Amino acid sequence: MRFTQLLVPTLKDDPADAEVVSHKLLVRAAMIRQVARGIYDYLPLGLRVLRNVERIVRAELDAAGCQEILMPAVCPAELWQESGRWERYGKELLRIQDRNDRDFCFGPTHEEVVTDIVRKTVRSYRDLPKNLYQIQTKFRDEIRPRFGLMRGREFLMKDGYSFHADRADCEREYRHMYETYERIFDRCGLRFRAVEADTGAIGGSMSHEFQVLADSGEDAIVACTSCSYAANVEKAELPPDAGRAHAQQAQSRALERVATPGQRTIEEVSGFLGMSPDRFIKTLVFATDDGGAIVALVRGDHQISEAKLKIALGAQWVALADAETVHRTTGASVGFAGPVGLEARIVADHALNGIRGAVTGANREDEHLVGVEHGRDFGKGVTFADLRQANAGDPCPRCGKGTFEEHRGIEVGQVFYLGTKYSKPLGATFLDAGGQEHPIEMGTYGIGVSRTVAAAVEQNHDKDGIIWPLALSPFPVEVVPTSVTDEPVREAAEKLYGDLRAQGVEALIDDRDERPGVKFKDADLIGFSLRLTVGQKGLAKGVVELRERREKTNHELSVADAAAHVTKIVRESGRIA
RNA sequence: CGGGGCGUGGCGCAGCCUGGUAGCGCGCCUGCUUUGGGAGCAGGAUGUCGGAGGUUCAAAUCCUCUCGCCCCGACCA
């Protein structure tokens, strides 16, 4: 491809509406343009990157025995009503009507549709297992889309679904997909971690998220320093005795009521009383799906995990209660709740078991209690559970040797054991060898293709621009003649370009009549993995320069060898067969 | 949905408070010079100042409404 034929409107300034680096760079490097909030155009270079991710995903899935299909983007309401999600999904589901006022939605995911396919076609255990996937534009009407491609409303996703006669086979496929995902993100050239994840409303099932490691990631994950255990902080298990010693290290003291006018948050009361937050009992009132209010306790310096709370309660959903409920439950306004004397269902995090000399709200306006002791002052009817988010330094629950270190991640994939959540309501069943009818066991597997592009940039950039992994680079190599008016230089560059293409290498030649500096700056901004510079000085010595974007150092190659050398690098990256 | 901010040439911004014929940088076009890290000089083009209404002799500027975009919040007591 010739630069002069390509639409590459690079920008010198950051766009005013971009916040995160991937958004800024993808716009500046002429990959994407915003059309509406959370909705983007892909310009030629951006599309090439997107296609590269797609190609890897397809290749690995096809090799893993999956079959590609394409389902409609616009789905009839009836299917969603059958599964119950038409009512439950909320405003994220973009609902539309056709000319006859029939309801449809723009698919945010396709469990219903794919299950419909299978229930209409699969009859017997002999038809199982099956693994179907598609790569398709999805739409989720996010409350607050942001960060460019990281959290768009419209996005490209690979969604896959597998169907099995029994749970064991489904679990086998789950592991198979897990391994396939590892290969996919490896081939993309990304540093990532597969972590155990919250399973949401399914409950008690398996799920792993694939997180691209980047400091700017929205998700917090922990990984054991000694074994392979890694999990989202929301989900990471903690041993029951973690923090026990800490709870009991304070001296027992008399319970005392203190005035704390207007001091509501842990931080405020901590400063006001001069006591550190880890001596506080944070008392949170939640509403749950069974209609009642429940009270959750975690240590002042800990964060509650709603995912864990949900599991501990066996609830479908939990949410912090509103001010009115808090008042009704505790007798005081938000900020003064505590477990002492509280008539409510209370669950407490293990770290509070046996705590002494603690601080908590007094359930009275502008008052806290000091010297609170578990067992003496509260504890009747209190159940203990693992409720808090994990932190760096917490002990690993698996190997017992290591501790957690914390990373930030961008979720680019998730594998999920679904069971019969959709097959049951939608009536997707099969007959076993004995003629018995059973609901089909399902797994679901997603990859955010467009988000993977953004994650790659978040993880791989410097002050000059993007540093694409070779597998994703819009072109693996760019040939840059320092001048197109200098005939020998132009001819040598064209020869090199032609030789590369003849070898099957996707090459771009910057044939613009621009000064070298302009071309170099654009090359760095766009982030081509390899750059071959052809200039007068080099040609005089019979060499051209190979520069790896990541290294920023030049290697001289003889004019005769350059094409073969670069072809070898590109071939080893898997970009050409 | 609540709070805040911003819409001025392709991009980034100033001008608005205190109304008086719309400006800067980059980019773009022409010419000459230049040619290994976003060149120099000279000349030039480009704006319904987001939209609608209002106030006024006069509105980018003041008022009302509206649309769009961005940020924060809408879970940590």
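Because the structure is a prediction, the values reported are computed rather than measured.
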For a quick check of understanding: with a heavy-atom distance under 4.0 Å over all strands, which category does [X] fall into, base, sugar-phosphate or nothing?
X        : result
A:Val269 : nothing
A:Arg531 : base
A:Arg146 : sugar-phosphate
A:Ala18  : nothing
A:Val318 : nothing
A:Thr265 : sugar-phosphate
A:Arg28  : base
A:Ile266 : sugar-phosphate
A:Arg33  : nothing

Rounded to the Å, how far apart are [X] [atom1] and [N] [atom2]?
X        : N     : atom1 : atom2 : value
A:Ile304 : B:C76 : CD1   : P     : 12 Å
A:Ile143 : B:G3  : CD1   : P     : 17 Å
A:Arg490 : B:U35 : CZ    : C1'   : 17 Å
A:Leu539 : B:U35 : CG    : P     : 17 Å
A:Phe272 : B:A77 : CZ    : C1'   : 17 Å
A:Asp17  : B:G12 : CG    : P     : 7 Å
A:Lys541 : B:G36 : NZ    : C1'   : 13 Å
A:His327 : B:A77 : NE2   : P     : 18 Å

Is the phosphate of [N], meaning OP1 or OP2, less than 4.0 Å from a side-chain N or O of [X]?
X        : N     : result
A:Lys12  : B:G12 : no
A:Gln34  : B:C70 : yes
A:Arg515 : B:U34 : no

Would you measure the distance from the [atom1] atom in [N] across to the matching atom in [M] and give it in whole Å?
N     : M     : atom1 : answer
B:C24 : B:A45 : P     : 13 Å
B:C32 : B:C26 : C1'   : 22 Å
B:G38 : B:G23 : C1'   : 24 Å
B:U56 : B:G73 : P     : 45 Å
B:C63 : B:C71 : P     : 27 Å
B:A58 : B:U66 : C1'   : 25 Å
B:C62 : B:G15 : P     : 12 Å
B:C72 : B:G9  : C1'   : 32 Å

Do [X] side-chain and [N] base share a donor-acceptor contact under 3.5 Å?
X        : N     : result
A:Glu545 : B:G36 : yes
A:Asp522 : B:G38 : yes
A:Arg547 : B:G36 : no

> Listed by chain and number, what are the salt bridge (Lys or Arg N to Asp or Glu O under 4.0 Å) partners of A:Glu367, not counting sequence neighbours?
Replying inline: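 If we apply the salt bridge (Lys or Arg N to Asp or Glu O under 4.0 Å) test to A:Glu367, skipping adjacent residues, the hits are A:Arg257, A:Arg364.
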Please pick, from [options], the nucleotide with the shortest atom-to-atom distance to any side-chain atom of [X].
X        : options             : answer
A:Leu11  : B:C11, B:G38, B:C71 : B:C11
A:Pro516 : B:G38, B:U35, B:C69 : B:U35
A:Ala16  : B:C13, B:C71, B:G36 : B:C13
A:Arg144 : B:G37, B:A74, B:G36 : B:A74

> So, does A:Arg279 use its side chain to make a donor-acceptor pair with the main chain of A:Ala247 at under 3.5 Å?
Replying inline: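 Yes: the side chain of A:Arg279 pairs with the backbone of A:Ala247.
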>> I'd like to know if the side chain of A:Lys282 and the backbone of A:Pro277 have a donor-acceptor N/O pair within less than 3.5 Å.
In response: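 No, A:Lys282 side chain to A:Pro277 backbone: no donor-acceptor pair under 3.5 Å.
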Need the pair for [N]. Rule: Watson-Crick or G-U wobble, both distances under 3.5 Å, any strand; none if unpaired.
N     : answer
B:C1  : B:G73
B:G47 : none
B:C41 : B:G31
B:G25 : B:C11
B:G19 : none
B:A60 : none

> Mapping A:Gly38 and A:Glu267 to their closest nucleotides on RNA chain B, which lands nearer the 5' end?
Replying inline: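 In this pair, the answer is A:Gly38.
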> Quick one: on RNA chain B, does A:Lys282 or A:Thr485 contact a more 5' nucleotide (nearest heavy atom)?
Replying inline: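 Going by which nucleotide is closer to the 5' end, it is A:Thr485.
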>> Using a 6.0 Å cut-off, check whether atom CD of A:Glu343 has over 12 heavy atoms from anything other than its own residue.
In response: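 Open.
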>> Tell me if the aromatic rings of A:Phe280 and A:His368 count as close, with their centers under 6.0 Å from one another.
In response: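 No.
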> Once the angle between the rings of A:His350 and A:Phe384 is folded into 0 to 90°, is it parallel (under 30°), tilted (30 to 60°) or perpendicular (over 60°)?
Replying inline: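 Rings of A:His350 and A:Phe384: parallel, as their planes differ by under 30°.
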>> Here's one to test your reading of the geometry: is the NZ or CZ of A:Arg140 within 45 degrees of the ring axis of A:Phe155 and under 6.0 Å from its centre?
In response: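 Here A:Arg140 fails the 6.0 Å and 45° test against A:Phe155.
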> Does A:Tyr89 have A:Arg95 sitting over its ring (NZ/CZ under 6.0 Å from centre, angle to axis within 45°)?
Replying inline: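 Because its charged atom misses either the 6.0 Å distance or the 45° angle limit, A:Arg95 does not stack over A:Tyr89.
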> Quick one: does A:Lys235's side chain get under 4.5 Å of A:Ser305's, heavy atoms only?
Replying inline: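 Result no, sub-4.5 Å side-chain heavy-atom pair not found.
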>> Minimum heavy-atom separation for A:Ala562 and A:Leu557, please, with both atom names.
In response: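 Shortest heavy-atom separation between A:Ala562 and A:Leu557 comes out as CA-CD1, 4.0 Å.
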> Under a 4.0 Å heavy-atom cut-off, which of residues 330-352 of chain A touch RNA chain B?
Replying inline: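 Only A:Val334, A:Gly335, A:Phe336 qualify.
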> Do A:Glu458 and A:Arg451 sit within salt-bridge range, that is, some charged N less than 4.0 Å from a carboxylate O?
Replying inline: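 The answer is no: the pair does not qualify as a salt bridge.
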